[in-house]
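All figures in this text were calculated on a predicted structure; none of them were measured in a lab.
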Amino acid sequence: MPSSFAPSELLARLWPRAGRRAGADDVPAAPLGSLRGQLLRWLIVPLVILVAANAVSLYRDALDAADIAYDRSLLASTRALAERVSVRDGKVVADVPYVALDSFETDTLGRIYYRVGGLHGETVSGYDDLPPVPKDTPRSELYPALVRFYHADYNGEPVRIAALLQPVYDDSMRGIALIQVGETLDARRALSRRILLNTLLRQALLVLAVATLVWFAVRLVLQPLMRLKQVVETRAVTDLSDVDEALVHREVRPLVAAMNGTMARMQNLIASQRRFIADASHQLRTPLTVLKTQAELALRENDPAAMQAIVRSIAATTDSTVHLANRLLTLARIEHGGANALLSPVGLSDVARQVGLELALPAVQKGIDLALEAEDDGATTVDGQALLLHELVSNLVDNAIRYTPPGGTVLLRVRRLIGVVVLDVQDSGPGLDPSEYDKVFMPFYRAQAALESNPGGTGLGLAIVRDIATVHGATLALDRAEGGRGLKVSVTFPARELPASMETDDRSRFNAG
């Protein structure tokens, strides 16, 4: 049934900025700095930390070993003293000669103190104020003896003391004597300092050696990148050939491949621009030459009627030139910016109705029956740009009207199939030979039938349709119109998901004429 029209206001912009919209919160990325510096930092700094941790561990192990060695020496002194302890007349006595006392009281690196305790805790020999054994001191498991080691302060100095329980007996009695031997920590501290200095020196030399090797290794590994940098810098401005991937390591080759791909796209873009400029120059030269010739004729003409005819010719040539320039600009915009534009939901049926309204008058003037079959907008919604889709539909319908003889028909159909939305534009014109189906999408190509039926065409309409369809991920197909005469152009778009509650059998139809 005929449908009514209400022109809708077009709010979508033709060329929205591609990518993420810049905002006030955008922060520019900080420069990464030197790759060599980052590699050195990430290798050497953790190495220094690990070496430092290892040095601390080695130092502690060395101190433990030194303590064991000194404790063994301290235990040996305690046992030597225990051999001189005996029982006489029911009392514990210590037979320690003066020479032994001298060796116990002093050492080359510190002082040594001793005490022999009797069966009841009394002091038999030695220093009676030597610190006693703390109650919670465990017995040492390292030696087959009842010995305990502990730290204490004596005469204002820290000392390490070994306390040995020594069984003593005679015919009249038996019991346990306590022999204590303590030494100041001077010797241990001196050994600890020596161990620490040796450990730090060796670890520092190790870090220095490893850092030097890492520096040379990083420099060696980065040499291919420096060669790649030199190759790229020394190239001519016009040299966009591929860079040899063998110049760099396998891990960097994807980057070189991406760079080669970018240069290939740049070559295609430059070639397209050159081809477009050449074609545009060629196409615009003819109407501009005609305009100049017509203007010169008008300057020489004195007859008002002839002058008016020439001016009408100038106006017609100007309209044709403006139409050509507009189509050239549209084609250039789509080729060099359309692919980066943002897409939004667009009702293809609504676009078709609007185009039908706009082109209804030219169809009526030519006596052409222009009809629309369109499903509900919700069923025919696609992701796209409203203005580009309008341009696509407008070009197809305008071509159909131009190449359809008076009294013919043009049908504009929008329908939804499984997962796709199909736009069909068919006419009752001369159609095309199937051998020319692929050629008509080339800019400025015009089929023989088109030259005969519309000699003033530009050859850009279907090229623009092809590029807009590519931007929207749509496919184009040409075929004979229903009935075997004329041309049918089908554009198939990916459809948006349809709500389950929506019905898709609602169709409308209109006639212009």
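Residues forming a side-chain contact (heavy atoms from CB on, under 4.5 Å) with Arg480 (at least two apart in sequence, or on another chain): Pro434, Tyr437. Every residue was checked against the salt bridge (charged side-chain N to carboxylate O under 4.0 Å, His left out) condition with Arg312, not counting sequence neighbours, and none meets it. Taking Glu251 as the reference, nothing meets the salt bridge (charged side-chain N to carboxylate O under 4.0 Å, His left out) condition, with sequence neighbours excluded. With sequence neighbours excluded, the residues that form a side-chain contact (heavy atoms from CB on, under 4.5 Å) with Ser313 are Gln294. With sequence neighbours left out, Ala264 forms a side-chain contact (heavy atoms from CB on, under 4.5 Å) with no residue at all. Listed by chain and residue number, Asp61 satisfy the side-chain contact (heavy atoms from CB on, under 4.5 Å) test with Ser57 (two or more places apart in sequence, or in another chain). Partners of Asp239 under the salt bridge (charged side-chain N to carboxylate O under 4.0 Å, His left out) rule, at least two apart in sequence or in another chain, are Arg235. Partners of Asp383 under the salt bridge (charged side-chain N to carboxylate O under 4.0 Å, His left out) rule, at least two apart in sequence or in another chain, are Arg496.
When side chains are defined from C-beta on, Val489 counts as touching Leu487, because their heavy atoms get closer than 4.5 Å. His390 places none of its side-chain heavy atoms less than 4.5 Å from the side chain of Gln385. For the pair Leu348/Leu423, a side-chain contact is recorded, criterion being any heavy-atom separation below 4.5 Å from C-beta on. By the 4.5 Å heavy-atom criterion applied to side chains, Leu50 and Asn54 are not counted as neighbours. By the 4.5 Å heavy-atom criterion applied to side chains, Leu228 and Val243 are counted as neighbours. Between Arg466 and Leu476 there is a side-chain heavy-atom pair separated by less than 4.5 Å. When side chains are defined from C-beta on, Gln426 does not count as touching Thr409, because their heavy atoms never get closer than 4.5 Å. Side-chain atoms of Leu411 and Leu372, non-hydrogen and from C-beta on, never get closer than 4.5 Å to each other.
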Exercise for the section: Determine, step by step, whether Val465 and Leu396 satisfy the side chain to side chain contact (heavy atoms under 4.5 Å, CB included) criterion, reporting the C-alpha distance in whole Å, the side-chain angles of both residues, the deciding distance to 0.1 Å, and the verdict. Expected result: CA-CA 7 Å; Val465 169; Leu396 291 177; 3.8 Å; yes

Exercise for the section: Begin with the C-alpha distance, continue with both residues' side-chain angles, and end with the deciding distance and a verdict on side chain to side chain contact (heavy atoms under 4.5 Å, CB included) for Leu392 and Leu388. Expected result: CA-CA 6 Å; Leu392 180 145; Leu388 284 184; over 6 Å; no

Handout entry: Test side chain to side chain contact (heavy atoms under 4.5 Å, CB included) applied to Val311 and Gln308, step by step
Key = CA-CA 5 Å; Val311 171; Gln308 188 175 16; 5.7 Å; no

Exercise for the section: Report the C-alpha separation of Gln354 and Asp350 in whole Å, then their side-chain angles, then the decisive distance to 0.1 Å, and conclude whether the side chain to side chain donor-acceptor pair (under 3.5 Å) test is met. Expected result: CA-CA 6 Å; Gln354 186 174 359; Asp350 184 63; over 6 Å; no

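In this structure, CG on Asp369 lies 9.0 Å from OG on Ser428, to the nearest 0.5 angstrom. We find the OG-CG distance between Ser192 and Leu185 to be 9.0 Å, quoted to the nearest 0.5 Å. Note that CE of Met226 is 13.0 Å distant from CG of Leu247, once rounded to the nearest 0.5 Å. Annotation: the span from Asp467 atom CG to His472 atom NE2 amounts to 12.0 Å, rounded to 0.5 Å. The structure places CG of Asp64 at 6.5 Å from CG of Asp67, a figure rounded to the nearest 0.5 Å. Note that the OH atom of Tyr59 and the OG1 atom of Thr199 stand 8.5 Å from one another [nearest 0.5 Å].
Other residues, nucleotides and ligands contribute only 12 or fewer heavy atoms inside 6.0 Å of the CD atom of Gln230.
For the pair Ala363 and Leu370, the tightest heavy-atom approach, listed with the atom from each and the gap, is CB-CB, 4.0 Å. When all heavy atoms of Ala298 and Ile310 are compared, the closest pair comes out as CB-CG2, 3.8 Å. Looking at every heavy atom in both residues, Val382 comes nearest to Pro494 through CG1-O, 3.8 Å. Taking every heavy atom of both residues into account, Ala62 and Ile195 meet most closely at CB-CG2, 3.2 Å. Scanning all heavy atoms of the two residues, the minimum distance from Leu389 to Gly384 falls at CD1-CA, 4.3 Å. Of all non-hydrogen atoms in Val421 and Ala379, the two that sit nearest each other are CG2-O, 4.0 Å.
Taking a cutoff of 4.0 Å between a charged side-chain nitrogen and a carboxylate oxygen, Arg402 and Asp398 qualify as a salt bridge.
Listed by first and then second residue, the salt bridge (charged side-chain N to carboxylate O under 4.0 Å, His left out) pairs involving residues 203-230 are Lys229-Glu233 (not counting sequence neighbours). Among pairs with a residue in residues 483-495, those fulfilling side chain to side chain donor-acceptor pair (under 3.5 Å) read Asp424-Ser490, at least two apart in sequence or across chains.
The backbone N or O of Glu375 sits less than 3.5 Å from a side-chain atom of Ser349, completing a donor-acceptor pair. The main-chain N or O of Ile401 is found under 3.5 Å from a side-chain atom of Lys366 such that the two form a donor-acceptor pair.
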Tabulate below the donor-acceptor pairs under 3.5 Å that side-chain atoms of residues 252-259 make, not counting sequence neighbours, or state none.
residue : atom : partner : partner atom : Å
Arg253  : NE   : Glu245  : O            : 3.4
Arg253  : NE   : Val248  : O            : 3.4

What side-chain donor-acceptor pairs closer than 3.5 Å can you find for residues 203-218, not counting sequence neighbours?
residue : atom : partner : partner atom : Å
Thr212  : OG1  : Leu208  : O            : 2.8

